[in-house]
Asker: 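Quick one: the structure is below, questions incoming.
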Amino acid sequence: MELIQQLVNGISLGSIYALIALGYTMVYGIVRLINFAHGDVFMVGSFVGFYAVTMLGVGFVPALLLAMAACAVLGMIIERIAYKPLRNAARIAVLITAIGVSLLIEYVTIYLRGAQPEAYPSTLLPDRNLELFGVVISSQSLFILGTSLVLMVLLQFIVHRTKIGKAMRAVSHDAEAARLMGINVDNTISATFAIGSALAGAAGVIFGIYYTKIEPLMGILPGLKAFVAAVLGGIGIIPGAMVGGLLLGVIESLVSGLGYSLWRDGAAFVILILILIFRPAGLFGKNVREKV
Amino acid sequence: MATWKRTRGFWVSVILAFAFFAVVEWLIASGTLNVFYVNTLFFMAINVMLAASLHLIIGITGQFSIGHAGFFAVGAYASAVMTMKLQLPFAVGVLTAGVAAALAGLIIGVPSLRLKGDYLAIATLGFGEIVRIALLNIDYVGGASGMTVTHMTTWPWVFACLFVTILVIANFTNSTHGRACISIREDEIAADAMGINTTYYKVAAFAIGSFFAGIAGALYAHHFYIIQPSNFGFLKSFDILIFVVLGGLGSLSGAVVAAVLLTIVSTFLQNYPETRMIIYSIVLILVMLYRPTGLMGTKELSSLFKWRKAAQGGMNHGGKNTVA
């Protein structure tokens, strides 16, 4: 029973990682850039949700939508200002810029509102415990899982059934060829950033409800772990990010369950290094040979 | 005479360095420099060592590593264990710090050779975090509350370590091995095709870079009385990265100058840490947008002087500005 309990906790946590990882994977798939600022977009989403609830007094769904909208705009601004001018620059320059953007978001947030943590209101979602064959499932984790699943299905729909999704797939396959076929590459990249960031914003609100405590530097660790999840599933592959996120959440919960809760954060990075060594393309990826 | 002409710059620098050492030693002994200035000076030297050691990995070999605080932490804790737990002299502590960090560099360097660019960056970042989390969980070194360390870092120690660091890294860069590392930075596949053992040189650069980061860690630990795992998070890694990037990816003197200047800036902004980080990040973004090779590119300060012209090619890599 203990094992199943950990599994349930792990899946709730994993669905948060999966939501953040989707943004990483989409952005990486389209511009080959590790968006370090993604974890901070997640943090901003969490705060937007928090202020929407405490100051505007709205419920869960409007707070979630507000956070997603705010993050989508933020993601597009980041892309336009920081990444677009560097589209043909060396990879190292882009990576350093991403680190700079990440630090900027973190410390501007601290500058604006201070570094003190904030507690999410617990009344946002009904908190009841369901007992199923000895396993305790809180209604909150069901809500979290449900929201994540709805968003993931929505994303699959956008990517596979809409025009912009088709454009995104085309650009990620070959940006130059897509441009020749009349696709507006810049707009497609902006849309990718907007969608990815909106998912991170949603994850931020969900994270706030799940963990209660939010603070300006909270984006770093979940951001990195979501990246690990994206690499685990094969970076650039959307189903890979979902599976990677869920898998990472479950592994972390199992590590905690075995009594090594302090090593939990370490486990994610050990997995990362192992996967990079033994299967750099990720679980779902194919190996691509580099041409000289 | 020809040899003198070629190595004149080197000997002038050495003499200048020792003159600087003597002047500072005299200033400290006479009490002209108060504790605040001495602290800043030591911190500057430690940052210069960190910047120079990371420069060897990123600037020369083109291996994008952002877990340098991990090696720094390994050095700090290794030396602290030597001096505080085993009661060995400081010299042993410093040496152990370097060796331990170099071993850590080998451990991370060997497997991560299969990785490039972004993936290597993330793997090293992960390594830095693993070190921090491990230190947090080892009760022998005090866990989260850290270790108290006696003050043993003195100006001669700081100067000697700094001098050796700069000397070794500058000379390594100009040697056959350094050339091989630069060729890996420019194009790894081409370097491999030219018969350069890329694996060997990448690991060597990692090991040497982390060796000196470890020594910097030993100086740091024995200067600040207490070391805690939280001092070695990735904010520290980013700090070091910023020195190297702003100074110029591929310029040793650039990294050194950036480390010195930014240490002064951050000392003055000590009471406004948020402002400091905002300025840092904006500068970082602007430099990357408008001058992606950093302020100095691959040029060295010495190439500004006329008399270096005779010995062109010393540390100036023909002005080619490609990194990674």
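The analysis underlying the following values was restricted to heavy atoms, covering all of them including side chains, and did not include hydrogens, waters or symmetry mates. Order of the sequence lines fixes the chain letters, A, B, ..., with proteins taken first and strands second; residue numbering starts at 1 for each chain. Keep in mind the model is a prediction, meaning the values are calculated, not measured.
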Asker: Looking at chain B, which one of A:Ala267, A:Ala268, A:Gly100, A:Ala82 has the largest number of heavy-atom pairs inside 4.5 Å, strictly under?
Answerer: A:Gly100

Asker: Among A:Leu221, A:Val94, A:Ile220, which has the most heavy-atom pairs under 4.5 Å with chain B?
Answerer: A:Ile220

Asker: Only pairs of heavy atoms separated by less than 4.5 Å count here; which of B:Ile122, B:Val245, B:Thr275, B:Ile282 has the most with chain A?
Answerer: B:Ile122

Asker: With a 6.0 Å cut-off (strictly less than), is the heavy-atom count around OH of A:Tyr211, excluding the residue itself, greater than 12?
Answerer: yes

Asker: Looking at chain A, which one of B:Ile108, B:Ile133, B:Leu235 has the largest number of heavy-atom pairs inside 4.5 Å, strictly under?
Answerer: B:Ile133

Asker: Which atom names give the shortest non-hydrogen contact between B:Ala123 and A:Ile273, and what distance separates them?
Answerer: O-CD1, 3.8 Å

Asker: So for B:Leu286, is it side chain, backbone, both, or neither that comes closer than 4.5 Å to the heavy atoms of chain A?
Answerer: neither

Asker: Side chain from CB out, backbone as N, CA, C, O: work out which of these in B:Ala134 comes under 4.5 Å of a heavy atom of chain A, or both, or neither.
Answerer: both

Asker: At a heavy-atom separation under 4.5 Å, does A:Val270 approach chain B through its side chain, its backbone, both, or neither?
Answerer: both

Asker: Quick one, B:Leu125 and A:Phe227 - any side-chain contact, counting heavy atoms below 4.5 Å?
Answerer: no

Asker: Look at A:Thr97, A:Ile99, A:Val101, A:Ile105 and state which one has the largest set of heavy-atom pairs under 4.5 Å with chain B.
Answerer: A:Ile99

Asker: Given the options B:Ile285, B:Leu284, B:Ile278, B:Asn137, which has more heavy-atom pairs under 4.5 Å with chain A than any of the others?
Answerer: B:Asn137

Asker: B:Phe234 versus chain A, heavy atoms under 4.5 Å apart: side chain, backbone, both or neither?
Answerer: side chain

Asker: Tell me the residues of residues 26-34 of chain A whose non-hydrogen atoms fall below 4.5 Å from those of chain B, in number order.
Answerer: A:Tyr28, A:Arg32, A:Ile34

Asker: Can you give me the closest heavy-atom contact between A:Leu103 and B:Ser281, atom names plus distance?
Answerer: CB-CB, 3.8 Å

Asker: Of the backbone (N, CA, C, O) and the side chain (C-beta and beyond), which part of A:Leu95 lies under 4.5 Å from a heavy atom of chain B, both, or neither?
Answerer: side chain

Asker: Nearest 0.5 angstrom please: A:Leu224 CG to B:Glu129 CD, how far?
Answerer: 7.0 Å

Asker: OH of B:Tyr290: more than 12 outside heavy atoms within 6.0 angstrom?
Answerer: no

Asker: Examine whether an atom of A:Ile81 lies under 4.5 Å from a heavy atom of chain B, and if so say whether it belongs to the side chain, the backbone or both; otherwise answer neither.
Answerer: backbone

Asker: For A:Pro239, which residues count as a side chain to side chain contact (heavy atoms under 4.5 Å, CB included) partner, sequence neighbours excluded?
Answerer: A:Gln156, A:Ile237

Asker: Examine whether an atom of A:Ile96 lies under 4.5 Å from a heavy atom of chain B, and if so say whether it belongs to the side chain, the backbone or both; otherwise answer neither.
Answerer: both

Asker: With a 4.5 angstrom heavy-atom cut-off, could you sort out which part of A:Leu276 is near chain B: side chain, backbone, both or neither?
Answerer: both

Asker: Could you check which of B:Leu120, B:Ile130, B:Leu136 has the highest count of heavy-atom pairs closer than 4.5 Å to chain A?
Answerer: B:Ile130

